[in-house]
Amino acid sequence: MGYRKAYALLCLLPGCAIAPHESPMVLPLLGQDSFVIAARYGTPTSYQYQGENLQLNYGNELWGCRVIFLLDKHQRVIGVASSGAKCGSLP
């Protein structure tokens, strides 16, 4: 699944707020191993499978920020989305 398809899948989720061209800080995360995500963000609040892909959910709307990572079957980041008033640019 390509980057654009993965992003389109993430945008089907409510509250998608980051377009690929809007946040240059997201691009370094794409293609990174899931251990990079764990080192930066810790344990996800929840996860679910989206076909062959894994969706990791961090934060929640009560905290003011929700970040979603989509990983491929090799556990590489193929998509990122965030929503919420307190979400800044992703490191």
Side-chain angles (χ1 to χ4, degrees):
M1 175 181 284
Y3 168 72
R4 298 245 183 241
K5 282 186 177 180
Y7 186 77
L9 177 64
L10 283 175
C11 283
L12 293 176
L13 301 170
C16 180
I18 293 179
H21 63 279
E22 290 179 6
S23 180
M25 297 305 289
V26 170
L27 295 178
L29 293 173
L30 295 176
Q32 294 292 321
D33 191 88
S34 62
F35 291 108
V36 172
I37 303 301
R40 289 185 184 180
Y41 298 99
T43 304
T45 54
S46 64
Y47 68 92
Q48 63 184 10
Y49 288 98
Q50 300 284 342
E52 290 186 3
N53 300 317
L54 178 63
Q55 175 184 321
L56 301 178
N57 305 305
Y58 288 86
N60 65 38
E61 296 302 322
L62 294 176
W63 297 342
C65 183
R66 182 176 175 177
V67 180
I68 299 170
F69 293 98
L70 191 63
L71 307 176
D72 66 8
K73 63 183 176 182
H74 302 290
Q75 296 201 6
R76 291 180 303 233
V77 177
I78 58 172
V80 180
S82 69
S83 66
K86 295 183 182 178
C87 284
S89 62
L90 297 172

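All values below come from the heavy atoms of this structure, side chains included, with hydrogens, waters and symmetry mates left out.
Proximity of a side-chain donor or acceptor of Tyr58 to a complementary backbone N or O of Gly42 within less than 3.5 Å is detected.
Applying the side-chain hydrogen bond (donor to acceptor under 3.5 Å, both in side chains) rule to Gln32 yields no partners; only residues at least two apart in sequence or on another chain are considered. Applying the side-chain hydrogen bond (donor to acceptor under 3.5 Å, both in side chains) criterion to Asp72, with sequence neighbours excluded, gives Arg76. Scanning for side-chain hydrogen bond (donor to acceptor under 3.5 Å, both in side chains) contacts around Ser46 gives Asn57, with sequence neighbours left out.
The heavy-atom pair separating Gln50 from Leu70 by the smallest distance is CG-CD1, 4.3 Å. Nearest heavy atom pair, residue Ile68 against residue Gln55, reads CG2-CG, 3.5 Å.
Separation of atoms CD1 (Ile37) and CD (Gln75) is listed at 11.5 Å; rounding is to 0.5 Å. In this structure, Ser34 OG and Leu54 CG are separated by 8.5 Å, a value rounded to the nearest 0.5 Å. We find the OG1-CG distance between Thr45 and Asn60 to be 6.5 Å, quoted to the nearest 0.5 Å. Between atom CD1 of residue Ile78 and atom CG of residue Leu71 there is a gap of 7.5 Å, rounded to the nearest 0.5 Å.
A heavy-atom distance below 4.5 Å is found between the side chains of Leu29 and Phe69.
Hydrophobic clustering, with ILVMFWY side chains joined whenever heavy atoms are under 4.5 angstrom apart, groups Val80 together with Tyr49.
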